[in-house]
There are 2 protein chains.
Amino acid sequence: MSILTPKQKEIVEREAQILEIARPIVVREGYHGLNMDRIAEAVQYSKGTIYNHFSCKEEIIIALAIKNVAKRVELFQKAAQFKGRSRFRMVAIGEAAEMFVRDFPDFFMFEEIIQLPSVREKTSGKRQAVIQGCEMQCMSVVAGIVRDAVAQEDLELPEGVKPEELVFGLWSLTSGAYSIMLKSESLEQMGLEDPYAIVRFHTAALLDGHNWKPHSTEFDMDSLLKRIRREVFSNE
Amino acid sequence: MSILTPKQKEIVEREAQILEIARPIVVREGYHGLNMDRIAEAVQYSKGTIYNHFSCKEEIIIALAIKNVAKRVELFQKAAQFKGRSRFRMVAIGEAAEMFVRDFPDFFMFEEIIQLPSVREKTSGKRQAVIQGCEMQCMSVVAGIVRDAVAQEDLELPEGVKPEELVFGLWSLTSGAYSIMLKSESLEQMGLEDPYAIVRFHTAALLDGHNWKPHSTEFDMDSLLKRIRREVFSNE
DNA sequence: GTGGTTTCTGACGGTTCGTCAATAATGGAA
DNA sequence: TTCCATTATTGACGAACCGTCAGAAACCAC
């Protein structure tokens, strides 16, 4: 069943080739820099052939975004497997999020583009669902750690607060910070030098504020981070 | 000097009229829904005339965004004038941010659009600087409260941490949360019901985590919010 | 080979952008 | 009031890009 005729192989490879060519164009020149004639010329096939693969240019962009979110889920799942107390596993999640931004800073551009109403209208619900599915997976990985923390009595949630609501705070803080970092020049003007460190500083404070034990003053963050990098992400 | 001929008056009014017509189009149909021919038809002037006011459609969108950011600065300044301890003034800032999102949810759409590379390239640096200036004003209003808190010994910043870095955390948390709220359907699927309350919950935790006194368990948040709404924002 | 199927092609119609030469309106001076 | 230099308005136009589709080419099983 998975045996491919030369022709079928060519088609599969071409799809990857289109995405490879499109990615740097979007990164350099954004949504509007990407146009089908240009891709067609670059891959040396006619425009009609490109349209056999992707029904519009928005589909190309969402396909690029999907490649990245899948990677994020992988990083999160790895981080969650870190052996140790729940609070330490959360630090590992933070590290995963930071690595994702460092390694795929372009993703935030794709994410913004695919949220534009004009783009959402044109792209298939199927691909949109894939993105949302990955988002939910990340959420539930982290919510799982929250549940573990509650079970182990490292954390107590106020009456009526769901684990997902706690995750939402972290999600907001980190995604907000990274999106400001990547798009605003104000930061440098305000003299903020190591934004990644600032994000770590605030996530620690947020978890401390929710009284997630052990408190960040009760363990050595630097050596923990080193251990996480070594044990979880050594081959990234 | 400010006496206008009828003609000049007409021109000034037309500019406002163009923006009034453009706004709902962008809100309903996004960046791509807005097109110059359509505006021209709606305002009953030719396209060339529209171009006398705005050199491209991106300029229209950034002009709309400017109207909103100016309003935000105003709300923040009002909030900062709340009489009381620094921690309470921060709650007022949080309330201002929430009011801004509730009253101008569209702004986040404009903000995203004007960050697109294609839009940034085409819009005048002058208008971009206005936006950034408002951002900086908000930042420095809040940083001022942080400085007051430090002076009054309600807050102690770790060695080397600037007030702006603390503000960055709050800014990230709130803007991240609101941007997720406004664009992601995942939230409802995850069962998060009152996102505004969750944002308040997390900002309180973040400030508690930084040990900003009085701690949120030491005062009555609900009555404070009521007082703020009455004393600061009664006429909004 | 052959014929039916799949794939590829690029010219084409449609939409929007931004321009600019021609036209019209304006308002101060005679 | 009339005239005319200045300023404002107009819409047809060229350019860029999208997505389509009828016909050409390639493929493959017999």
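What you are looking at is a predicted structure, and each value in this text was computed from that prediction instead of being measured. Chain A is the first sequence line, chain B the second, and so forth, proteins listed ahead of strands; every chain is numbered from 1.
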Worksheet entry | Between P of dT20(D) and CD1 of Ile50(A), the distance in whole Å | 14 Å
Fill in: By ring pair (Phe, Tyr, Trp, His ring centres under 6.0 Å) - contacts of Phe100(A) (at least two apart)
Phe104(A), Phe107(A)
Worksheet item: Residues two or more places apart in sequence or in another chain: which of them pass side chain to side chain donor-acceptor pair (under 3.5 Å) with Glu231(A)?
Response: Arg227(A)
Item to complete: Spell out, as yes or no, whether a donor-acceptor pair under 3.5 Å connects the side chain of Glu59(A) to the backbone of Ser124(A).
Response: yes
Item to complete: Using the heavy-atom set of chain A and a strict 4.0 Å cut-off, write down the first and last nucleotide of DNA chain C that makes it in, 5' to 3'.
Response: dT7(C) to dG10(C)
Fill in: DNA chain D contacts made by residues 19-49 of chain B, counting heavy atoms under 4.0 Å
Tyr45(B), Ser46(B), Gly48(B), Thr49(B)
Below 3.5 Å, can you tabulate the donor-acceptor pairs from side chains in residues 20-29 of chain A to any protein atom, sequence neighbours excluded?
residue  : atom : partner  : partner atom : Å
Glu29(A) : OE1  : Arg38(A) : NH1          : 3.2
Glu29(A) : OE2  : Arg38(A) : NH2          : 2.8

Worksheet item: How sharply is the helix from dG1(C)-dC30(D) to dA30(C)-dT1(D) bent, taking the axes over five pairs at either end and rounding to 10 degrees?
Response: 10°
Worksheet entry | Nearest heavy-atom neighbours spanning Ala143(B) and Pro163(B) | O-CB, 4.2 Å
Fill in: Heavy-atom closest pair, residues Tyr178(A) and Ala97(A)
CE1-O, 4.2 Å
Which pairs of donor and acceptor atoms, one on a side chain in residues 89-96 of chain B, lie under 3.5 Å apart (sequence neighbours left out)?
residue  : atom : partner   : partner atom : Å
Arg89(B) : NE   : Ala80(B)  : O            : 2.9
Arg89(B) : NH1  : Asp148(B) : OD2          : 2.9
Arg89(B) : NH2  : Ala80(B)  : O            : 3.1
Glu95(B) : OE2  : Arg229(B) : NE           : 2.8
Glu95(B) : OE2  : Arg229(B) : NH2          : 3.4

Fill in: Base-contact (B) and sugar-phosphate-only (S) positions in nucleotides 24-30 of chain D, heavy-atom cut-off under 4.0 Å, - elsewhere
---SS--
Item to complete: Check side chain to side chain donor-acceptor pair (under 3.5 Å) between Thr123(A) and all other residues, then give those that pass, not counting sequence neighbours.
Response: Gln128(A)
Fill in: Pairing residues for Phe201(A) by the ring pair (Phe, Tyr, Trp, His ring centres under 6.0 Å) criterion, not counting sequence neighbours
His210(B)
Fill in: Test of ring centre spacing under 6.0 Å for His53(A) and Tyr45(A)
no
Fill in: Listed partners of Ser175(B) passing side chain to side chain donor-acceptor pair (under 3.5 Å), at least two apart
none
Item to complete: Would you list the pairs meeting salt bridge (Lys or Arg N to Asp or Glu O under 4.0 Å) in which at least one residue belongs to residues 129-139 of chain B, sequence neighbours left out?
Response: none
Worksheet item: In whole angstroms, how far is the C1' atom of dC21(D) from the OH atom of Tyr51(A)?
Response: 13 Å
